[in-house]
Colleague: 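Dropping the structure in here first, questions after.
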Amino acid sequence: MDFMTITCERVVSSLSSEDLDALIEATSAGILDGGGFGWLQPPGHQALARYFEGLLLVPERSLYVVRDSGTICGAGQLVRPPASYEAHAATANLTGFFVAPYARGRGLGRALLEAMLKGAKAIGCKVVNCDIRETHVAAIGLFRSFEFEHWGTHPYYARIGGQTVRGLFLSKLLANENEAARWQSSIAMPDASSSASGVAPEPVTRTATHGLTLYPAIDLKDGACVRLRRGEMEDATHYSDDPGAQARMFAEAGCRHIHVVDLNGAFAGRSTNIPAIESIVKATSLPVQLGGGIRDMAAIERWLEAGVSRVILGSVAVKDPELVRQAARAFPGRIVAGIDARQGRVATEGWAEVSELEANDLALRMEDAGVAAVIFTEITRDGMLAGLDLEQTADMARRLSIPVIASGGVGTLEHLKALRDVARDVPGISGAIVGRALYDGRIALKDALDVLGSC
């Protein structure tokens, strides 16, 4: 007699080649059976391998797998809001949930869902949300058996084979009745009587719960570290001929990330400062986010495989949004949209062209495409040391559920303090890019890290 052993686990390190192959096989079968992960057809072994390997780099995503006698036959993802986004801190979204068709009917889906709900509760989640295509009847039945409540229907959820398919939104309250009552009573609600009488409610004292990330900038022109004023290539200040040494200095000072821009590449439409970028990546173990001239999937893959942590897509976000969507799907958590604007209108081609597109509209499109974050730069302030455009940055952050990184204009420690104060009210702001002020010594790195860390 054959005995089946069902086990579930959260994946916390790279899968073995055997496990990865089994996961890819199960995923491909699931996609063919009814679509998933945004694909109607399996994208191929390499694309799926990159997809699952990329998930492990995203702190907000937890990948769970279910095994039948040791072989992975299904998976699911638990997605938490970014650490800086407090509004939905008690919720988690369950997505990418499937069991391969050849392994169904054995209780694997039930075991997987039990493990994921237990994991959600362990990290403090009180509500788990999910959405399911209405044609996935068995999956809907499974979730309803776990007391997920159907609270809404999307009439145009998917377009499959020329037919429009609806989607169901489901939620489950994880807290017991007493916990739920305490949690719900702690949710701030408007005081109708005060509003009606014209009496302002008592001010709420906010408690700082997250720090902002400092991204020291290394801008590359002709292999050297420079800084531009208002994005003008003719108005560049030369700082260092050794980008790798500059990166090591930032790491030794306590920085946790490095922001790199290939300025020549931004104008040329292709990477040009390749040796300098490679030297930065090799110089430290810090995550490096890279932008400038990256305009196709081959370039994105090339830099991610070379050790870059995140790729910034700028001009292509306007001109080829489908590429952004494909890249975000293939490399979850590793694609960032760079939105550069002159007085609210998006600029492209190394800031040489200004479109009619509003920055906030593009940001919402990029969020929908699946990017991990948005870097917002007001060009008229970049390199001018006159301070960030806090109003535009905050407005964008309020509209999005993904982090917004502020850029352009930091010149003094007071500018960072002002950003910190705004971020306390607008938690969607997650960090700041600082360049010229660090190189000129106007801001000491230690002071910048202390200010942003105290948010």
Side-chain angles (χ1 to χ4, degrees), residues 60 81-89 188 190 200 203-204 206 208-215 217 230-231 259 289 291 312-315 317-318 321 324 328 335-348 351 353-412 414-435 437 451-452 455:
E60 292 82 15
S84 62
Y85 198 67
E86 300 173 56
H88 299 303
V204 176
R206 298 178 179 268
T209 58
H210 73 283
L212 299 177
T213 299
L214 173 68
Y215 294 87
R230 295 196 181 100
H259 174 82
Q289 61 183 25
I312 305 163
L313 300 180
S315 297
V318 178
V324 181
I335 305 299
V336 175
I339 298 181
D340 307 321
R342 289 186 189 274
Q343 299 177 336
R345 297 195 179 277
V346 176
T348 62
W351 300 351
E353 300 177 7
V354 178
S355 71
E356 291 301 310
L357 182 62
E358 295 283 346
N360 282 336
D361 290 341
L362 179 59
L364 289 167
R365 294 182 193 180
M366 292 299 97
E367 177 182 42
D368 181 64
V371 301
V374 167
I375 297 171
F376 175 67
T377 305
E378 171 51 56
I379 299 170
T380 57
R381 293 173 177 260
D382 192 68
M384 300 304 293
L385 307 171
L388 293 157
D389 191 323
L390 297 177
E391 184 177 349
Q392 280 197 82
T393 303
D395 183 42
M396 182 178 289
R398 289 189 185 99
R399 295 168 185 253
L400 303 179
S401 61
I402 56 175
V404 173
I405 300 169
S407 175
V410 174
T412 69
E414 293 305 313
H415 294 154
L416 293 180
K417 290 179 181 178
L419 176 68
R420 176 194 62 189
D421 293 343
V422 170
R424 286 173 172 163
D425 288 325
V426 188
I429 299 173
S430 68
I433 295 169
V434 184
V451 166
L452 296 184
C455 182

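Only heavy atoms go into these numbers, but all of them, side chains included; no hydrogens, no water, no symmetry mates.
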Colleague: What is the minimum heavy-atom distance between A337 and M366, and which atoms define it?
Modeller: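 So the minimum-distance heavy-atom pair works out to CB-CG, 3.6 Å.
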Colleague: What is the minimum heavy-atom distance between S430 and I405, and which atoms define it?
Modeller: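 So the minimum-distance heavy-atom pair works out to OG-CG1, 3.6 Å.
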Colleague: Checking side-chain contact (heavy atoms from CB on, under 4.5 Å) against D395, which of E391, Q392, R399 comes through?
Modeller: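 Only match with D395 under side-chain contact (heavy atoms from CB on, under 4.5 Å): R399.
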Colleague: I need the L362 CG to F376 CZ distance, nearest 0.5 Å.
Modeller: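 One finds 10.5 Å between CG of L362 and CZ of F376.
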Colleague: Can you tell me how far apart CD1 (I433) and CD1 (I375) are? Round to the nearest 0.5 Å.
Modeller: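 Reported to 0.5 Å precision, the distance equals 4.0 Å.
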Colleague: Test S407 against every option in I339, T393, T377 by the side-chain contact (heavy atoms from CB on, under 4.5 Å) rule and name the one that passes.
Modeller: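 That would be T377; it is the only one of I339, T393, T377 passing the side-chain contact (heavy atoms from CB on, under 4.5 Å) with S407.
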Colleague: Tell me, with the steps shown, if V336 and V371 meet side-chain contact (heavy atoms from CB on, under 4.5 Å).
Modeller: CA-CA 5 Å; V336 175; V371 301; 5.9 Å; no
Colleague: Which atoms form the tightest heavy-atom contact between V426 and A394, and what is the distance?
Modeller: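 V426 and A394 have their closest heavy atoms at CG1-O, 3.9 Å.
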Colleague: Indicate the atoms forming the closest heavy-atom contact of M396 with V374, along with that distance.
Modeller: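 The pair with the smallest heavy-atom distance is SD-CG1, 3.8 Å.
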Colleague: Salt bridge or not between D421 and K417? Use side-chain N to carboxylate O under 4.0 Å.
Modeller: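 K417 and D421: not salt-bridged.
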Colleague: Looking only at non-hydrogen atoms, find the nearest pair between A369 and A328 and report the distance.
Modeller: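 Shortest heavy-atom contact: O-CB, 3.5 Å.
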Colleague: Between I312 and H259, does the side-chain contact (heavy atoms from CB on, under 4.5 Å) criterion hold? Intermediate values first, please.
Modeller: CA-CA 10 Å; I312 305 163; H259 174 82; 3.5 Å; yes
Colleague: Take T213 and L452 through the test side-chain contact (heavy atoms from CB on, under 4.5 Å) and record every step on the way to the result.
Modeller: CA-CA 7 Å; T213 299; L452 296 184; over 6 Å; no
Colleague: For L416 and V434: C-alpha separation, side-chain torsions, deciding distance, then whether side-chain contact (heavy atoms from CB on, under 4.5 Å) applies.
Modeller: CA-CA 9 Å; L416 293 180; V434 184; 4.1 Å; yes
Colleague: Where do I429 and A397 come nearest, in terms of heavy atoms and distance?
Modeller: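 Scanning both residues completely, I find the closest heavy atoms to be CG1-CB, 3.7 Å.
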